[in-house]
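Here the structure is laid out as structure tokens; the discussion comes afterwards.
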Amino acid sequence: MDTTHANLRMAELLFPHITKTPKDYEALYPQRDLPQGAMVTRIAPSPTGFMHFGNLYGALIDERLAHQSGGVFYLRIENTDAKREVEGAVDVILTSLNAFGLNFDEGATNGEDRGIYGPYRQRDRAELYQTIAKDLVLRGLAYPCFCTEEDLQALHEKQEAEGANFGYYGKWAAHANITVEEAEKYISEGKPYVVRFRSPGKEENRIKYKDLAKGEIEMPENCTDIVILKSDGIPTYHFAHVVDDHFMRTTHVVRGEEWLSTFPYHLQMFEVLGWEKPAYIHTAHMLKQDGTSKRKLSERKDPEARLTYYLQEGYPAPAVIEYLMTVLNSNFEEWRNKNPEADLNEFRFKAEKMGVAGAVFDIEKLNDISKNIISRMTGEEVYEATERWAKEYNPEFHRLLTRNPEYSKAILSIGRGGKKPRKDFTVWSDVPHYMAFFFEETFETDYPFPETMSKGDIVRVLKEYPEAYYDTDDDQQTWFGKVKELTDAMGYAVDMKAYKADPAAFPGSVADISAVLRVAVTGRTASPDTYAVMNILGKDTVLARLKKAAEALETKD
RNA sequence: GGCCCGUUGGUCAAGUGGUUAAGACACGGCCCUUUCACGGCUGUAACAGGAGUUCGACUCUCCUACGGGUCACCA
């Protein structure tokens, strides 16, 4: 019997239900009709129920590459491992990426898939993978392997004892030359089996490939017969990747550098299948400073590893994206400094500009970026964003915030819009505390008045100010002028320079008098401009608070 | 252990054989200032180690150390 005939029998034995050929799929999934240079990228997460920061990192690269080249960015769900799949996980993927403004042109959705290269969930593509696997068997490039877990374990131990490289290859590949008769017998006995790729490679050969981020990479050629179809007929990642990215016509594969070590499998399969290889971009991992050492961001240990963290804290999505851009493309920051107002998408992202080493996640930097982004927003925009955040993550505050939107907007507009805007907020969850004293429910009355002032003087300020000086018609300058008048009347220093030069000559200064008013009205020593606060609070509230503070002080001890 | 990737200040990083080795964040100081938040000026601080190649190495080569990844019918 010639080998071709044996292959044919083996293929029919393994895949009696497969009637299509690779050609049918080539026709089903046509080459994409895209302009020159357009990139087709994808994000291909596993539906495990949460999104890692690294997912966003990769997704951003994919999205930028595709969209700035006029290409296609699609979503493929890698659910080949049924054990790890979590219900509702696709929703999590969709909403997370949507929250960060990354939009797909094609792929899996909540409902029907979008696009003609689907289905976009790998488990639904079983027939395709099996068709390609059958073709490989036909060509003698794949074979069934009936080794059990124990067999493989034993193999591993033997290899360890002999100091051989681990893996299913060469003389270790027990079933590499299995006959159709043997396979038939095992199958009739109901033995489970996998399908292995018959690697044509030699260990001593070296292969080279140019990674767009890492540059030239040199590695030994693959010689192991890796599993391409698991016993349930579903492919392993390696096979699914090659088949899908070929038929979905992906031009650029962006993935973490953990794939570098299995990269030779993929290259070899593209080679053997006669398919054009995509370009690859292997990205370094984000690290976390842990004491004196660095390690991968960990879902378990690091809250910031999960994408939901940023949503909960209330980072504006563009802040996270811009932070990632500064890590990804070293020239981004420079560009941003020159073009502070420009749309992020005007920046030309280049894979070649990516760093090769893993970057330590720097939340301080993220915070700085976030703070600056928020500082450029109007009060109205801050209100809208805070409202959206609070609705989801702080319902109690949401009620206060939205009780009187105009009032809230006025508060959030303090010190905004000028050349040197206030930078009070890093995240939306900073807003509730900032605004707290504007609501009676959260106004605190501990009254940290200046300790250097006598109770009598403090009470005098609280009583005389509303009686003789407070006028809601005053502008900022007049308002402060009156505070100075009161200061002077009390014998306190009006001129701060004079006071600093000789503090002992005065009981206190205008700073103290201002502090009394501030503490009475806001309940704190630190707040935005007291004049602006009083204006927003309104006359009645201001008077009531001054009175309340005086009473509190008088009844104390 | 094998294979692979990496290593410039505390952090992110520019740099591609000749530089006073940028810039940003963080930190310190000064100034501004009625608090805070800003803003301005300014300071500390780096090429992992060794051997080569070269007139000259942060840049090229090799070795060592350290860090990371991977060696599954997980992705």
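Proteins get letters first, then strands, A, B, ... in listed order; numbering begins at 1 in each.
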**Item:** Atom-to-atom span, CG of Asn165(A) to C1' of rG2(B) - whole angstrom
**Value:** 5 Å
**Prompt:** Is the base of rA37(B) touched by the side chain of Lys420(A) through a donor-acceptor pair closer than 3.5 angstrom?
**Reply:** no
**Asked** Between Lys296(A) and Pro220(A), who's closer to the 5' end of RNA chain B by nearest nucleotide?
**Response** Pro220(A)
**Item:** Rounded distance in Å - NE2 (His241(A)) to P (rC73(B))
**Value:** 18 Å
**Rounded distance (Å) that lies between atom P of rU70(B) and atom CD of Glu258(A)** = 6 Å
**Request:** Pick the P atom in rC5(B) and in rC47(B), then give their distance to the nearest Å.
**Result:** 26 Å
**Message:** Once you apply a heavy-atom cut-off of 4.0 Å, does Phe480(A) come out as touching a base, just sugar-phosphate, or nothing?
**Reply:** base
**Asked** Which part of the nucleic acid, if any, lies within contact of Lys371(A), taking any heavy atom under 4.0 Å across all strands shown: a base, the sugar-phosphate backbone alone, or nothing?
**Response** sugar-phosphate
**Request:** Would you mind classifying the nucleic acid contact of Glu334(A) as base, sugar-phosphate or nothing, using non-hydrogen atoms under 4.0 angstrom?
**Result:** nothing
**Asked** Touch check for Lys484(A), heavy atoms < 4.0 angstrom, all strands: base, sugar-phosphate only, or nothing?
**Response** nothing
**Prompt:** When you compare rG52(B) with rA57(B), how far apart are their P atoms, in angstrom units rounded to a whole number?
**Reply:** 11 Å
**Any Tyr492(A) side-chain heavy atom under 4.5 Å of Asp457(A) side chain** = yes
**Request:** Write down the distance separating the P atoms in rA13(B) and rG18(B), rounded off to the nearest Å.
**Result:** 23 Å
**Request:** Indicate yes or no: at least one non-hydrogen side-chain atom of His175(A) is less than 4.5 angstrom from one of Arg196(A).
**Result:** no
**Item:** Distance-only donor-acceptor test, Arg422(A) side-chain atoms vs rC36(B) base atoms, 3.5 Å
**Value:** yes
**Message:** Taking only the P atom of each, what is the distance from rC73(B) to rC66(B) in whole angstrom?
**Reply:** 32 Å
**Complete:** Asp529(A) atom CG is separated from rC36(B) atom P, nearest whole Å, by 13 Å
**Message:** Rounded to whole Å, how long is the line connecting atom CZ of Arg255(A) with atom C1' of rG69(B)?
**Reply:** 13 Å
**salt_bridge(Asp424(A), Arg422(A)) N-O dist < 4.0 Å** = yes
**Prompt:** Nearest of rA26(B), rC5(B), rG69(B) to any side-chain atom of Ser261(A)?
**Reply:** rG69(B)
**Rounded interatomic separation in angstrom, taking CD from Gln289(A) and C1' from rG67(B)** = 11 Å
**Request:** Verify whether one side chain among Tyr383(A) and Thr378(A) offers a donor that lies under 3.5 Å from an acceptor in the other.
**Result:** no
**Request:** Determine whether the aromatic ring centres of Phe332(A) and Phe347(A) lie less than 6.0 Å apart.
**Result:** yes
**Complete:** Quick note, Lys423(A) side chain, CB onward, closest among rU34(B), rC38(B), rA75(B) is rC38(B)
**Prompt:** Looking across every strand, which nucleic acid part, if any, lies under 4.0 Å from His156(A) by heavy atom: base, sugar-phosphate, or nothing?
**Reply:** sugar-phosphate
**Request:** Rounded to whole angstrom, note down the P distance from rG69(B) over to rG28(B).
**Result:** 34 Å
**Request:** Using a 4.0 Å heavy-atom cut-off across all strands, classify Ala511(A) as base, sugar-phosphate, or nothing.
**Result:** sugar-phosphate
**Asked** Within the structure shown, what part of the strands sits under 4.0 Å from Glu203(A) by heavy-atom distance: base, sugar-phosphate, or nothing?
**Response** nothing
**Request:** Look at atom CD of Glu352(A) and say whether more than 12 heavy atoms of other residues, nucleotides or ligands are closer to it than 6.0 Å.
**Result:** yes
**Within the 6.0 Å centroid threshold, strictly below: Phe425(A) and Tyr434(A)** = yes
**Message:** Strictly below 4.0 Å: does Thr80(A) bring a side-chain N or O up to OP1 or OP2 of rA75(B)?
**Reply:** yes
**Request:** Determine whether Lys301(A) and Arg295(A) make a side-chain contact, defined as any pair of heavy atoms from C-beta on separated by less than 4.5 Å.
**Result:** yes
**Message:** At 4.0 Å (heavy atoms only), tell me whether Lys353(A) reaches a base, stays on the sugar-phosphate, or touches nothing.
**Reply:** sugar-phosphate
**Request:** Kindly indicate whether the side chain of Tyr169(A), heavy atoms from C-beta on, has any atom under 4.5 Å from the side chain of Cys223(A).
**Result:** yes
**Prompt:** Just checking Leu366(A): base, sugar-phosphate only, or nothing, at a heavy-atom cut-off of under 4.0 Å?
**Reply:** nothing
**Prompt:** Going by atom types alone, do Asp225(A) and Tyr143(A) pair a side-chain donor with an acceptor below 3.5 Å?
**Reply:** yes
**Item:** rG39(B) to rG49(B) separation - C1' atoms, rounded to the nearest Å
**Value:** 44 Å
**Asked** When you measure from the side chain of His285(A), which nucleotide among rU35(B), rG69(B), rC4(B) comes out closest?
**Response** rG69(B)
**Request:** Map every base of RNA chain B to its dot-bracket character, where paired means a Watson-Crick or G-U wobble contact with both distances under 3.5 Å and | marks a partner outside the strand.
**Result:** ((((((((.[[[..)..(....]]].(((((.......)))))....[[[[[..)....]]]]])))))))....
**Asked** Picking from rC25(B), rA24(B), rC4(B), which would you name as closest to the side chain of Glu333(A)?
**Response** rA24(B)
**Request:** Tell me what Pro192(A) touches on the nucleic acid: a base, only sugar-phosphate, or nothing, going by heavy atoms under 4.0 Å.
**Result:** nothing
**Prompt:** What nucleic acid atoms does Ala515(A) come within less than 4.0 Å of, heavy atoms only: base, sugar-phosphate, or nothing?
**Reply:** nothing
**Message:** Taking any heavy-atom pair under 4.0 Å as a contact, classify Glu160(A): base, sugar-phosphate, or nothing.
**Reply:** nothing
**Item:** P-based separation of rA22(B) from rA45(B) [nearest Å]
**Value:** 13 Å
**Asked** Quick one: does Asp430(A)'s side chain get under 4.5 Å of Trp428(A)'s, heavy atoms only?
**Response** no
**Length of the line joining Lys158(A):NZ and rC71(B):P, which is rounded to integer Å** = 23 Å
**Prompt:** Base, sugar-phosphate, or nothing for Lys365(A), non-hydrogen atoms under 4.0 angstrom?
**Reply:** base
**Request:** Within residues 221-231 of chain A, find the residues that approach RNA chain B with a heavy atom at under 4.0 Å, and present them sorted by residue number.
**Result:** Val227(A), Lys230(A), Ser231(A)
**Asked** Considering only heavy atoms from C-beta outward, does the side chain of Leu75(A) approach that of Tyr120(A) to under 4.5 Å?
**Response** no
**Request:** Return the 5'-most residue of the pair Met496(A), Glu216(A) with respect to RNA chain B, ranking by each residue's nearest nucleotide.
**Result:** Glu216(A)
**Prompt:** Rounded to the nearest Å, what distance is computed from the NZ atom of residue Lys214(A) to the C1' atom of nucleotide rC5(B)?
**Reply:** 5 Å
**Request:** Please determine, for the side chain of Lys497(A), which listed nucleotide (rU33(B), rC4(B), rG1(B)) has the closest atom?
**Result:** rU33(B)
**Message:** Does Arg206(A) reach a base, just sugar-phosphate, or nothing at all? Heavy atoms under 4.0 Å.
**Reply:** sugar-phosphate
**Request:** Give the nucleotide from the list rU11(B), rC73(B), rC74(B) with an atom nearest to the side chain of Leu152(A).
**Result:** rC73(B)
**Whole-angstrom distance between rU33(B) and rC41(B), as gauged at atom C1'** = 16 Å
Under 3.5 Å, sequence neighbours excluded: what are the donor-acceptor pairs made by side chains of residues 44-54 of chain A?
residue  : atom : partner   : partner atom : Å
Ser46(A) : OG   : Glu78(A)  : O            : 3.3
His52(A) : ND1  : Glu299(A) : OE2          : 3.1

